[in-house]
Amino acid sequence: QVPYQPSSPRQVANTLALLRGRAGKTVDLGSGDGRLVLEAYKQGLRPALGYELNPWLLCLAKYRAWKAGYHGKVSFLKRDLWKVNLSDCHNVIVFLAPSVKPPLATKLLAELPDDARVVAGRYPFPCWSPSSTLGQGLDQVWAYDIKEVRREVQGSAQESQV
């Protein structure tokens, strides 16, 4: 369980700035009230969907999508992020607690395509080097290009074998 903290307008703007110009399926893991998914869709990232376990937040996200005129255009699904297959995702948004990041890093590296980009908010992935970052303090977000992260991880693994 990860406590719900809504993203600030600056966090949303910074996240979407690091995804600007990209295409392909965009998912928000732990999508909360849906604000990042709605903004992703608004900026042309499609399909856009959120995975969320909290039924109240799911209802709120679906209501917000309906109110924005995006009903049927974005999806919010009650799914456990550990059980979903992310192999067709090209843009992944992660605003989750630091304790979740190490096991999530393993899952993302195992499942995401090489051209995927992961944007983390609030807390970076501790063992990954970001390809770019934007903002400061609580509004800082980190972008990771999976191909580069894989190269870095494989290089570290080879060095530790020497």
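Positions are given from 1, in the same order as the sequence printed here. The analysis underlying the following values was restricted to heavy atoms, covering all of them including side chains, and did not include hydrogens, waters or symmetry mates.
- A 4.5 Å side-chain heavy-atom check between Val84 and Tyr51 finds at least one atom pair inside the cut-off.
- Both Val94 and Val149 sit in one connected hydrophobic cluster of ILVMFWY residues. Membership requires side-chain heavy atoms under 4.5 Å apart, directly or through other members.
- With hydrogens and angles disregarded, a donor-acceptor distance shorter than 3.5 Å links the side chain of Ser131 to the backbone of Ala143.
- Counting only distance, with no hydrogens or angles, the side chain of Gln11 and the backbone of Val141 share no donor-acceptor pair below 3.5 Å.
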>> Please determine whether side-chain contact (heavy atoms from CB on, under 4.5 Å) holds for the pair Leu19 and Gln43, giving the CA-CA distance in whole Å, both sets of side-chain angles, and the decisive distance to 0.1 Å.
In response: CA-CA 9 Å; Leu19 293 173; Gln43 294 194 21; over 6 Å; no
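- To the nearest 0.5 Å, the span separating OG on Ser8 from CG on Leu138 amounts to 8.0 Å.
- Placement of Val12 and Tyr70 in two distinct hydrophobic clusters is found when ILVMFWY residues are connected by side-chain heavy-atom separations under 4.5 Å, directly or transitively.
- The backbone N or O of Leu57 sits less than 3.5 Å from a side-chain atom of Asn54, completing a donor-acceptor pair.
- Distance check, rounded to the nearest 0.5 Å: OH of Tyr144 to CG of Leu108 gives 11.0 Å.
- Atom CZ of Arg150 sits about 8.5 Å away from atom CH2 of Trp128, to the nearest 0.5 Å.
- Inter-residue side-chain proximity for Pro130 and Pro124 is flagged as unmet; no heavy-atom pair is nearer than 4.5 Å.
- The neighbour count for Lys147 NZ, taken as heavy atoms of other residues, nucleotides or ligands under 6.0 Å away, does not exceed 12.
- A donor-acceptor contact shorter than 3.5 Å is absent between the side chain of Glu111 and the backbone of Asn85.
- A distance of 10.0 Å separates CG of Asn14 from CD of Gln136, quoted to the nearest 0.5 Å.
- Nearest heavy-atom pair, Pro126 versus Pro102, reported as atom, atom and distance to 0.1 Å: CG-CG, 4.3 Å.
- Side-chain atoms of Asp80 come within 3.5 Å of backbone N or O of Trp82 as a donor-acceptor pair.
- Using modelled atom types, no side-chain atom of Glu52 and backbone atom of Leu58 make a donor-acceptor pair closer than 3.5 Å.
- Atom CZ in Arg151 sits 8.5 Å away from atom CG in Asp114 (nearest 0.5 Å).
- Heavy-atom minimum distance, Pro113 versus Ser87: CD-O, 3.4 Å.
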>> Is there a side-chain contact (heavy atoms from CB on, under 4.5 Å) between Gln140 and Thr133? Walk through the geometry before answering.
In response: CA-CA 7 Å; Gln140 188 170 10; Thr133 184; 2.9 Å; yes
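- Taken together through direct or relayed side-chain contacts under 4.5 Å among Ile, Leu, Val, Met, Phe, Trp and Tyr, Leu36 and Val74 form parts of separate hydrophobic clusters.
- Using a 4.5 Å heavy-atom threshold, the side chains of Arg64 and Lys67 count as separate.
- Both the sub-6.0 Å distance and the 45° axial angle are not jointly satisfied by Lys62 relative to the ring of Phe76.
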>> If you apply the rule side-chain contact (heavy atoms from CB on, under 4.5 Å), what do you find for Glu39 with Arg35, and how did you get there?
In response: CA-CA 6 Å; Glu39 191 60 33; Arg35 64 185 68 201; over 6 Å; no
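- Phe125 is connected to Leu81 through a chain of hydrophobic side-chain contacts under 4.5 Å among Ile, Leu, Val, Met, Phe, Trp and Tyr, so both are in one cluster.
- Ile93 places none of its side-chain heavy atoms less than 4.5 Å from the side chain of Val27.
- The cluster map of Ile, Leu, Val, Met, Phe, Trp and Tyr, joined by side-chain heavy atoms under 4.5 Å apart, puts Leu104 and Leu77 in the same cluster.
- Side-chain contact annotation: Asp33 with Tyr4, donor-acceptor N/O pair under 3.5 Å present.
- Under the 3.5 Å distance criterion, the side-chain polar atoms of Thr26 are matched with a main-chain donor or acceptor of Gly24.
- Remark: the Glu152 side chain and the Ser129 side chain contain an N/O donor-acceptor pair separated by less than 3.5 Å.
- Put simply, the side chain of Leu29 reaches to within 4.5 Å of the side chain of Leu86, judged on heavy atoms.
- For the pair Asp115 and His90, the minimum side-chain heavy-atom distance is below 4.5 Å.
- Within the 3.5 Å criterion, the main-chain N or O of Ala23 finds no donor-acceptor partner in the side chain of Arg46.
- Within the 4.5 Å cutoff, side-chain heavy atoms of Leu45 are placed close to those of Asn91.
- The backbone N or O of Tyr123 lies less than 3.5 Å from a partner atom in the side chain of Lys101, making a donor-acceptor pair.
- Counted within 6.0 Å of CZ on Arg22, heavy atoms from surrounding residues, nucleotides or ligands total more than 12; the atom is thus considered enclosed.
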> Checking side-chain contact (heavy atoms from CB on, under 4.5 Å) for the pair Thr15/Ser7: CA distance, chi angles, key distance, verdict?
Replying inline: CA-CA 10 Å; Thr15 299; Ser7 303; over 6 Å; no
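- In this structure, the side chains of Lys107 and Leu109 stay at 4.5 Å or more apart for every pair of heavy atoms.
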